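The block underneath contains the structure these notes are about, expressed in structure tokens.
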Amino acid sequence: MAKMITYIRFRVIQDEIEQFLKHYTNGLKDLNNLHSFLSCELSQCPSEKENFILRICWGNDSNVSLKSKDNAALRKFLDDLNGYKEDILEMRNYIKIE
């Protein structure tokens, strides 16, 4: 069960959406190699196709902080998105309440 969830909202220029999706798929490999990574989900707004929400679920031992190994992998994942860090509108970590 996920203990922490990272939400990232993107707004990607319409002409770059196809490339964004390719980079997302390639970058996901970095996250899959982490023991605390559980799952990842990318959603696109049907009425405003340039808007995306990325949801990353982390396991019990995760500590997604600026000093953690997982955050370094998350930064690498964003780097793999080939410059789409500029398109991030919001990025927040949430702790699962049980």
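From a predicted model like this one, the values you see are computed outputs, not experimental measurements.
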Derivation and outcome, side chain to side chain contact (heavy atoms under 4.5 Å, CB included), residues Ile88 and Met91 = CA-CA 7 Å; Ile88 293 174; Met91 180 175 169; 4.2 Å; yes
Identify the residue among Ile8, Leu89, Leu42, Asp87 that makes a side chain to side chain contact (heavy atoms under 4.5 Å, CB included) with Phe52.
->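 The option that passes is Leu42.
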Go through the steps to decide whether Cys57 and Phe37 satisfy the test side chain to side chain contact (heavy atoms under 4.5 Å, CB included), and finish with yes or no.
-> CA-CA 6 Å; Cys57 295; Phe37 172 77; over 6 Å; no
Minimum side-chain heavy-atom gap Asn51-Phe10 below 4.5 Å |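 They are not in contact (no side-chain heavy atoms under 4.5 Å apart), so the answer is no.
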Between Gln44 and Lys49, is there a donor-acceptor pair closer than 3.5 Å when you use the side chain of the first and the backbone of the second?
->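 Yes.
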Atom [atom1] of residue position [X] - does it have more than 12 heavy atoms of other residues, nucleotides or ligands inside 6.0 Å?
| X | atom1 | result |
| --- | --- | --- |
| Ile13 | CD1 | no |
| Glu90 | CD | yes |
| Gln14 | CD | yes |

Could you walk me through whether Ile5 and Ile56 pass side chain to side chain contact (heavy atoms under 4.5 Å, CB included), step by step?
-> CA-CA 6 Å; Ile5 300 170; Ile56 304 171; over 6 Å; no
Apply side chain to side chain contact (heavy atoms under 4.5 Å, CB included) to the pair Tyr24 and Leu54, showing each step before the final yes or no.
-> CA-CA 10 Å; Tyr24 161 76; Leu54 178 62; 3.6 Å; yes
How far does [atom1] of [X] sit from [atom2] of [Y], to the nearest 0.5 angstrom?
| X | Y | atom1 | atom2 | answer |
| --- | --- | --- | --- | --- |
| Asp15 | Phe20 | CG | CZ | 15.0 Å |
| Arg11 | Cys45 | CZ | SG | 9.5 Å |
| Glu18 | His23 | CD | NE2 | 11.5 Å |
| Met4 | Asn93 | CE | CG | 5.5 Å |

Looking only at non-hydrogen atoms, find the nearest pair between Glu50 and Ile17 and report the distance.
->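 Closest approach of Glu50 to Ile17, heavy atoms only: CA-CD1, 3.9 Å.
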Hey, are Tyr7 and Arg55 close enough side-chain-wise for a donor-acceptor pair under 3.5 Å?
->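 The criterion, which ignores hydrogens and geometry beyond distance, is satisfied for Tyr7 and Arg55.
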